[in-house]
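First the structure, in the form of structure tokens, and then the observations on it.
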Amino acid sequence: MSLFSPPARTLGAATETHDNGFNAVRLACALAVVVYHAYQMSPVAAGLDPLTSRLRPVTDVGALAVGIFFLISGMFVSQSWLRDPHLGRFAVRRVARIVPGLFVATLLCTVVAVAFFSVQGVAGLFDPAPWRYIFGNTVLHWLQYNIPPEELSIPGVFGGRNLNGVLWTLYWEGRMYVVLALVGVAAMLPMRQWLRGAAIFLLLAANLFPEVLSGYLWEVRLWSLFLTGVLLQTLAPQLRIGAVHVLCALALVGLNWTRSVAMTQHPLTWFGIALAVAALALWIGSARLRGLGHVQRHDYSYAVYIYHWPVLMMISELVPGATPHLALALCLVALVPLSLLSWHWVEAPAMRAARRWLRRPAAVSHAAPDAVIPAASEAVIPATSEAVIPAQAGIQGSQHTNPAYRSGNSESLGFPPARE
């Protein structure tokens with residue numbers, strides 16, 4: 001096939017089956033965040049990883065990876081809503097995808113941190129502070145903006161530092177879920193057309209008049225990428241993304257290179273970087289990746305994302321002389337069993353339980369009358385029940401009584417947040 005010939009299948013066809021690369025993209029993004037923090041949090045020679053040193057001051061590897069999480073999350077979470085536009089069932093799916101894994105991770109890391117890395121030791125577990133921390137993070141601090149400092153750390157644990165500095169993206173993603181649900185409930189057109197128009201309108205509002213949304217969503221860049229994911233999902237049945245589109249994005253970056261250097265003393269811009277990396281992520285995500293069947297069926301990115309910060313903090317205490325490379329290696333060794341156990345014992349079982357509960361007659365009887373049923377040309381390939389996510393989310397997790405609704409992709413988180 002020629003480089004300039006269109007891909008064999010659409011983005012919509014790719015996301016309706018396990019046979020795509022979005023889990024691999026999410027896992028790569030999660031690992032990129034681990035690399036970024038391993039350099040920043042190294043006990044010795046803390047600094048920037050090699051790629052971030054070339055992207056600064058425009059962006060960094062961590063921010064770029066989180067941005068791709070939000071793009072993919074917008075795609076798959078809106079896909080879930082399109083399949084079953086029911087507010088209650090949508091909320092159940094989102095909670096089932098995020099909360100169980102987050103609760104277990106927060107509980108486990110907090111107990112270990114208090115017992116072995118605090119002034120009080122095990123006795124500190126009888127203090128209310130650890131449990132306040134666990135509860136607050138599990139409920140995403142009720143999506144509030146001003147989170148009291150005492151809810152982000154525990155006195156005497158790791159010197160009072162933030163126990164898990166990456167969880168802020170989950171609070172933001174939760175707010176984006178709320179906005180998506182509100183937009184969906186307010187639909188005045190067929191749902192796909194309505195979400196498309198709403199995504200375009202909100203993208204314009206957020207970027208031309210940031211104050212319109214800053215009071216609720218805070219971060220225009222991540223919100224814009226989430227909305228772009230929603231927009232892509234509404235176009236997915238016709239959209240084909242291949243290598244030529246990545247090359248075109250890179251060509252646009254090149255065209256802007258000298259002007260950007262003249263104006264900002266840096267050859268790259270956030271838009272150019274995000275455009276090129278997003279095109280690459282969508283190309284890989286849409287592809288049929290041979291030899292990665294296990295990763296295609298199971299999403300380990302969420303656990304890698306939410307565990308790595310506490311693990312790096314523990315490594316810095318246990319191995320105070322660890323270089324960035326050693327800290328990264330030790331962290332990855334710990335993350336392998338943690339991510340496997342989290343997905344297979346916590347996340348996937350929680351999503352299966354949610355699907356079983358939603359299939360009950362009582363839940364089915366309240367199905368939304370305008371639920372979107374795919375046309376014959378968009379038929380969904382049935383998938384095994386244990387691999388459905390984002391979004392991240394983070395992170396498609398939507399299930400319906402109609403077998404055609406069973407999907408191989410789950411919803412991602414902005415952290416990765418994740419898929420169902």
Side-chain angles (χ1 to χ4, degrees), residues 11 22 25-26 28-29 32-33 36 48-75 78 168-169 172-173 176 179 195-214 217-236 239-286 391-392 394 412 414-417:
L11 180 64
F22 283 106
V25 171
R26 273 188 288 256
C29 287
V33 176
Y36 174 69
L48 302 178
D49 61 272
L51 185 54
T52 293
S53 64
R54 289 165 174 75
L55 296 176
R56 285 288 181 92
V58 178
T59 187
D60 56 64
V61 169
L64 191 57
V66 169
I68 299 303
F69 277 138
F70 275 80
L71 174 74
I72 296 175
S73 178
M75 286 173 49
S78 58
W168 62 271
T169 60
W172 292 16
E173 178 142 344
M176 295 177 190
V179 173
L195 287 186
R196 184 180 307 157
I200 293 172
F201 173 79
L202 292 174
L203 271 168
L204 291 172
N207 288 277
L208 294 178
F209 309 102
E211 67 276 9
V212 172
L213 293 174
S214 63
L217 291 156
W218 319 327
E219 171 51 67
V220 172
R221 285 185 177 181
L222 295 184
W223 173 233
S224 296
L225 285 165
F226 184 87
L227 284 173
T228 301
V230 175
L231 180 60
L232 288 172
Q233 183 55 240
T234 67
L235 300 169
L239 201 61
R240 298 175 189 272
I241 301 174
V244 65
H245 305 100
V246 178
L247 293 177
C248 288
L250 291 173
L252 288 173
V253 173
L255 287 173
N256 191 53
W257 189 280
T258 55
R259 176 174 169 80
S260 182
V261 168
M263 296 181 65
T264 67
Q265 306 304 310
H266 196 282
L268 299 173
T269 63
W270 164 253
F271 178 81
I273 296 170
L275 178 65
V277 175
L280 179 63
L282 292 170
W283 175 35
I284 295 174
S286 300
Q392 61 145 314
S412 72
F415 60 67

Side chains of V179 and W223: does their closest heavy-atom pair fall under 4.5 Å? yes
List for me each residue that meets side chain to side chain contact (heavy atoms under 4.5 Å, CB included) alongside R54, sequence neighbours excluded, and say none if there are none. P50
Assess whether side-chain contact (heavy atoms from CB on, under 4.5 Å) is satisfied between L71 and L232, documenting all intermediate values. CA-CA 9 Å; L71 174 74; L232 288 172; 3.9 Å; yes
For V220 and A206, the nearest pair of non-hydrogen atoms, with its separation, is CG1-O, 3.6 Å
Donor-acceptor pair, S286 side chain versus L11 backbone, under 3.5 Å? no
Rounded to the nearest 0.5 Å, how far does CG of L239 lie from OG1 of T234? 9.0 Å
Side-chain touch L48/D60, heavy atoms, less than 4.5 angstrom: no
I'd like to know whether L227 forms a side-chain contact (heavy atoms from CB on, under 4.5 Å) with L231, so could you lay out the CA-CA distance, the side-chain angles of the two residues, the decisive distance to 0.1 Å, and finally the verdict. CA-CA 6 Å; L227 284 173; L231 180 60; over 6 Å; no
Indicate the ring-plane relationship of W172 and W168, choosing parallel, tilted or perpendicular according to the 30° and 60° boundaries. perpendicular
Check A276 against L250 and note the closest heavy-atom contact, atom names and distance. CB-CD2, 3.8 Å
Can any side-chain N or O of S224 pair as donor or acceptor with the backbone N or O of L203 at less than 3.5 Å? no
Yes or no on side-chain contact (heavy atoms from CB on, under 4.5 Å) for L195 and Q233, after CA distance, side-chain angles and deciding distance? CA-CA 9 Å; L195 287 186; Q233 183 55 240; over 6 Å; no
Can you measure from CG (L51) to CZ (R56) and round to the nearest 0.5 angstrom? 11.5 Å
For residues 267-275, tabulate all N or O donor-acceptor pairs below 3.5 Å that involve a side-chain atom, not counting sequence neighbours.
from: T269; atom 1: OG1; to: G272; atom 2: N; distance (Å): 3.1

Counting distance only, does the side-chain N/O of S78 pair as donor-acceptor with the main-chain N or O of M75 below 3.5 Å? yes
For Y36 and G62, the nearest pair of non-hydrogen atoms, with its separation, is CG-N, 3.8 Å
Could you tell me which non-hydrogen atom of G67 sits nearest to which non-hydrogen atom of L222, and how far apart they are? CA-CD2, 3.8 Å
Correct closest heavy-atom pair for H266 and P57 would be CD2-CD, 3.5 Å
Identify the heavy atoms of L235 and R196 that sit nearest to each other, and give their distance. CD2-NE, 3.6 Å
Any chance you could lay out the side-chain contact (heavy atoms from CB on, under 4.5 Å) test for L282 and F22, step after step, and finish with the verdict? CA-CA 8 Å; L282 292 170; F22 283 106; 4.2 Å; yes
